[in-house]
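Accompanying notes for the structure given below.
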Number of protein chains: 2
Amino acid sequence: MISLAEENYLKSIYHLSQAGSQSVLTNELAEAMNTKAASVTDMIKKLSTKEFISYEKYYGVNLTTKGKVVALSVIRKHRLWETFLVEKLGFSWDEVHEVAEQLEHIQSKRLIEKLDEYLGFPKVDPHGDPIPDTNGKIKALQQVMLASLKPGAASMIVAVKDSDSQLLKYLDKIGARPGKTIKVIEREEYDGSMEVSINNQRFFLSKEVSENILVNA
Amino acid sequence: MISLAEENYLKSIYHLSQAGSQSVLTNELAEAMNTKAASVTDMIKKLSTKEFISYEKYYGVNLTTKGKVVALSVIRKHRLWETFLVEKLGFSWDEVHEVAEQLEHIQSKRLIEKLDEYLGFPKVDPHGDPIPDTNGKIKALQQVMLASLKPGAASMIVAVKDSDSQLLKYLDKIGARPGKTIKVIEREEYDGSMEVSINNQRFFLSKEVSENILVNA
DNA sequence: ATATTATTTTAGACAAGCCTAAAATAATAT
DNA sequence: ATATTATTTTAGGCTTGTCTAAAATAATAT
Ligand SMILES: [Mn+2]
Ligand SMILES: [Mn+2]
Ligand SMILES: [Mn+2]
Ligand SMILES: [Mn+2]
């Protein structure tokens with residue numbers, strides 16, 4: 001049996017290892033999990049014993065195949081539930097993440113397969129993130145941060161950061177949704193801010209914002 | 001903040017106090033919660049401190065108004081989720097209880113109100129049990145056990161026990177669903193079994209079964 | 001009224017998951 | 001190469017919710 005805490009650690013390790021390409025370090029994980037490094041060390045020992053991760057002292061952790069399966073299953077559930085909340089219950093995209101953080105831990109294979117079917121087997125969630133299939137296969141996205149585009153470049157928004165409600169409300173207001181095309185007009189080197197156009201309207205985006213909008217690579 | 005364990009205790013106390021009419025005793029609760037009496041004593045001290053129950057040493061516990069609110073909120077969630085699983089996801093009525101035991105602990109006022117609306121504000125769950133409204137008001141049912149009917153009596157099934165999957169499959173097979181009329185043909189005094197008719201078909205029911213079918217009083 | 005039995009509470013312990021403070025190790029700067 | 005700094009681990013402790021065994025209390029039988 002796997003606990004809620006263990007599931008959350010595995011999910012977090014998965015996300016962090018997608019971001020950076022090396023082993024996930026204790027401090028990174030502590031930061032992401034909102035705990036202390038000592039607590040992380042405790043937990044990674046347990047996860048290592050259970051063979052969900054491989055762990056080299058002082059050099060961080062990596063998911064095993066077994067651990068990846070768990071992580072992707074939790075992510076699948078999270079994204080299916082977010083889709084349900086938006087598509088069926090009429091939540092807005094900035095209200096779903098917190099609830100999905102709870103729902104992702106419900107243990108029932110049958111439930112999640114039925115839900116998937118009920119939703120018409122969606123491929124992406126309301127924030128544009130891909131939904132892993134039953135076997136944990138996930139579509140590797142060809143995506144980069146908007147922040148990395150050069151002035152003059154235009155690209156389609158594929159996903160946005162899902163966990164910041166404030167940000168999502170703002171993105172909604174300026175029409176920055178997955179599927180929309182965004183064009184970089186100017187980019188200020190010293191603070192990384194940029195002027196962009198969406199739907200023929202112009203906006204100034206801080207570096208912060210432009211790093212949380214993902215566009216087609 | 002109230003924990004999952006506390007919620008389950010309060011729910012259990014509510015159900016037990018509906019059954020018997022006196023205070024809920026430590027041993028009853030231990031039996032229902034599948035724990036030991038010592039654990040129950042620990043927990044009822046906590047619940048008493050938090051004023052969810054009133055507790056007199058050696059004489060059992062009673063829910064306070066505050067405790068009843070929590071219990072009914074959990075029961076509301078449980079029954080709405082069961083309804084969702086059957087009505088929307090196509091579960092059968094014998095598959096939903098276990099999953100609802102998990103879903104009933106999801107914390108989100110908005111979620112449960114949206115779900116209620118999505119389901120069309122149902123009044124009863126798939127097993128015929130009444131769903132408390134937002135304010136915790138629940139329709140007091142005029143119901144008795146089928147076991148208490150005398151030969152010749154006929155009455156409408158209003159609810160069945162929801163937590164025994166085997167029983168529910170059997171009830172489904174013989175057509176014993178809420179809304180159906182059931183007539184007692186004969187009753188064997190020595191073991192409490194009875195012969196009944198449903199949909200003009202005859203069946204022999206054990207005492208066990210006849211105590212888990214509730215009919216109009 | 002007293003002895004026996006059943007129920008409940010207390011005492012003490014344990015696992016999970018977290019914490020702070022101190023020690024160990026690795027990375028970096030001189 | 002050595003000293004300083006940053007990171008990670010260890011040590012020890014806390015809370016929640018559980019357990020077993022023993023003590024206390026209540027209920028029942030004689
Ligand atoms: Mn999310
Ligand atoms: Mn999302
Ligand atoms: Mn149920
Ligand atoms: Mn039910």
Side-chain angles (χ1 to χ4, degrees), chain A residues 1-13 16-17 19-63 67 70-71 74 101-102 104-107, chain B residues 1-14 16-17 19-63 67 70-71 74 101-102 104-105 107:
Chain A
M1 205 50 310
I2 185 160
S3 74
L4 188 144
E6 289 170 333
E7 284 192 344
N8 281 333
Y9 271 93
L10 293 175
K11 181 173 58 128
S12 218
I13 293 167
L16 290 170
S17 65
S21 56
Q22 325 191 359
S23 290
V24 175
L25 305 178
T26 304
N27 260 4
E28 291 183 77
L29 202 39
E31 161 101 50
M33 295 294 298
N34 242 289
T35 55
K36 298 306 161 77
S39 305
V40 171
T41 304
D42 284 348
M43 182 55 95
I44 65 190
K45 280 178 186 165
K46 285 174 208 163
L47 292 172
S48 182
T49 303
K50 293 189 176 182
E51 294 182 302
F52 290 119
I53 59 175
S54 60
Y55 164 46
E56 206 184 337
K57 261 189 175 184
Y58 290 98
Y59 291 92
V61 301
N62 284 95
L63 288 175
V70 173
V74 175
E101 286 290 304
Q102 298 179 61
E104 72 188 8
H105 300 290
I106 302 293
Q107 307 277 12
Chain B
M1 204 50 311
I2 185 159
S3 75
L4 189 143
E6 289 170 332
E7 285 192 344
N8 281 333
Y9 271 93
L10 292 175
K11 182 172 55 124
S12 220
I13 293 168
Y14 178 86
L16 289 171
S17 64
S21 57
Q22 326 193 358
S23 290
V24 175
L25 304 178
T26 304
N27 259 6
E28 292 182 79
L29 203 38
E31 161 99 51
M33 296 294 298
N34 242 291
T35 55
K36 298 306 161 81
S39 306
V40 170
T41 303
D42 285 347
M43 182 55 95
I44 65 189
K45 281 178 186 166
K46 287 175 206 162
L47 292 173
S48 182
T49 303
K50 293 190 176 180
E51 294 182 302
F52 289 119
I53 59 175
S54 61
Y55 164 45
E56 206 185 335
K57 261 190 176 184
Y58 290 99
Y59 290 92
V61 301
N62 284 96
L63 288 176
V70 174
V74 175
E101 285 290 303
Q102 298 178 60
E104 71 189 7
H105 300 290
Q107 306 278 12

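Just so you know, these numbers use all the heavy atoms, side chains as well, and skip hydrogens, waters and symmetry mates. Every chain is numbered from 1 and lettered A, B, ... according to where its sequence line falls, protein lines coming before strand lines.
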Heavy atoms from C-beta onward define the side chain here; which of D:dT20, D:dG17, C:dC18 lies closest to that of B:Ala5?
D:dG17

Only counting residues at least two apart or in another chain, list the ones meeting side-chain contact (heavy atoms from CB on, under 4.5 Å) with B:Asn62.
B:Ser23, B:Ser54

How close or far is atom P of D:dG17 from atom CG of B:Leu10, stated in whole angstroms?
12 Å

Taking only side-chain nitrogens and oxygens of B:Lys46, does any of them come within less than 4.0 Å of OP1 or OP2 of D:dT16?
no

May I have all residue pairs that pass salt bridge (charged side-chain N to carboxylate O under 4.0 Å, His left out) and include part of residues 40-58 of chain A, sequence neighbours excluded?
A:Glu6-A:Lys50

By side-chain contact (heavy atoms from CB on, under 4.5 Å), which residues pair with B:Glu31, not counting sequence neighbours?
none

For B:Glu28, enumerate each residue passing the side-chain contact (heavy atoms from CB on, under 4.5 Å) test, keeping only those at least two apart in sequence or located in another chain.
B:Leu16, B:Val24, B:Leu25

Residues passing the side-chain hydrogen bond (donor to acceptor under 3.5 Å, both in side chains) test with A:Glu7, sequence neighbours excluded, are A:His105, A:Gln107

Roughly how far, to the nearest 0.5 Å, is CD1 of B:Ile13 from CD1 of B:Ile44?
7.5 Å

For B:Ala38, enumerate each residue passing the side-chain contact (heavy atoms from CB on, under 4.5 Å) test, keeping only those at least two apart in sequence or located in another chain.
none

Could you tell me the separation between the OG atom of A:Ser39 and the CG atom of A:Asn34, rounded to the nearest 0.5 Å?
11.0 Å

Output yes when at least one side-chain N/O atom of B:Thr35 is less than 4.0 Å from OP1 or OP2 of D:dG17, else no.
no

Between C1' on D:dC19 and CE on B:Met33, what's the gap in Å once rounded to a whole number?
15 Å

Gap between atoms CG and P, on A:Leu4 and C:dA16 respectively (whole Å):
15 Å

d(NE2, B:His105; P, D:dG17) in whole Å
12 Å

Give the B/S/- string for nucleotides 2-11 of chain D, one per nucleotide from 5' to 3', where a protein heavy atom under 4.0 Å of the base yields B, of only the sugar-phosphate yields S, and otherwise -.
-----SBBB-

Report the distance from atom NZ of A:Lys36 to atom C1' of C:dA16, rounded to the nearest whole Å.
19 Å

Stems involving DNA chain D, each a run of at least 3 consecutive Watson-Crick or G-U pairs under 3.5 Å:
C:1-30 with D:1-30

Taking salt bridge (Lys or Arg N to Asp or Glu O under 4.0 Å) as the definition, give me every residue that meets it alongside B:Glu101, ordered by chain and number, with sequence neighbours left out.
B:Lys11

Between B:Ser39 and D:dC19, does any side-chain N or O lie under 4.0 Å from OP1 or OP2?
yes

